[in-house]
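Single-structure report; data block below.
Remember, it's 1-based here, ligands and their atoms both numbered in the order they're listed.
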Amino acid sequence: MYVCLCNGVSDKTIRQAVRQHHPQSFQQLKKFIPVGNQCGKCVRQAREIMQDELMQI
Ligand code: FES
């Protein structure tokens with residue numbers, strides 16, 4: 001499922017990036033994948049997915 005339509009980033013991509021890079025914040029996650037850097041509509045959902053994945057690591 002696409003989370004960020006502007007950049008074509010899926011929930012799977014976010015979860016993989018979190019597992020690989022262990023970001024401390026959403027700002028850090030954005031350094032690895034282009035999510036939430038345009039219209040910003042996806043930020044809330046992307047952040048929730050990031051936090052959910054961090055709790056499972
Ligand atoms: Fe992610 Fe627009 S949907 S920046």
Is there side-chain contact between Val18 and Phe32, with heavy atoms separated by less than 4.5 Å? no
Are Arg47 and Leu29 packed together at the side-chain level, in the sense that at least one heavy-atom pair is separated by less than 4.5 angstrom? no
So, for [X] and [Y], which heavy atoms are closest and what is the spacing to 0.1 Å?
X	Y	answer
Leu54	Pro23	CD1-O, 3.8 Å
Phe26	Ala46	CE1-CB, 3.7 Å
Gln28	His22	OE1-O, 4.4 Å

Report, in ascending order of atom number, the atoms of ligand 1 lying under 4.0 Å from any heavy atom of [X].
X	result
Gly36	1 (Fe), 4 (S)
Gly40	2 (Fe), 4 (S)
Cys6	2 (Fe), 3 (S), 4 (S)
Gln38	4 (S)
Cys39	2 (Fe), 3 (S), 4 (S)
Cys4	1 (Fe), 3 (S), 4 (S)
Cys42	1 (Fe), 3 (S), 4 (S)

If you take the nearest heavy atom of each of Leu5, Val35, Val9, which one is closest to atom 3 (S) of ligand 1? Leu5
Is the count of non-hydrogen atoms from other residues, nucleotides or ligands lying under 6.0 Å from Arg44 atom CZ greater than 12? no
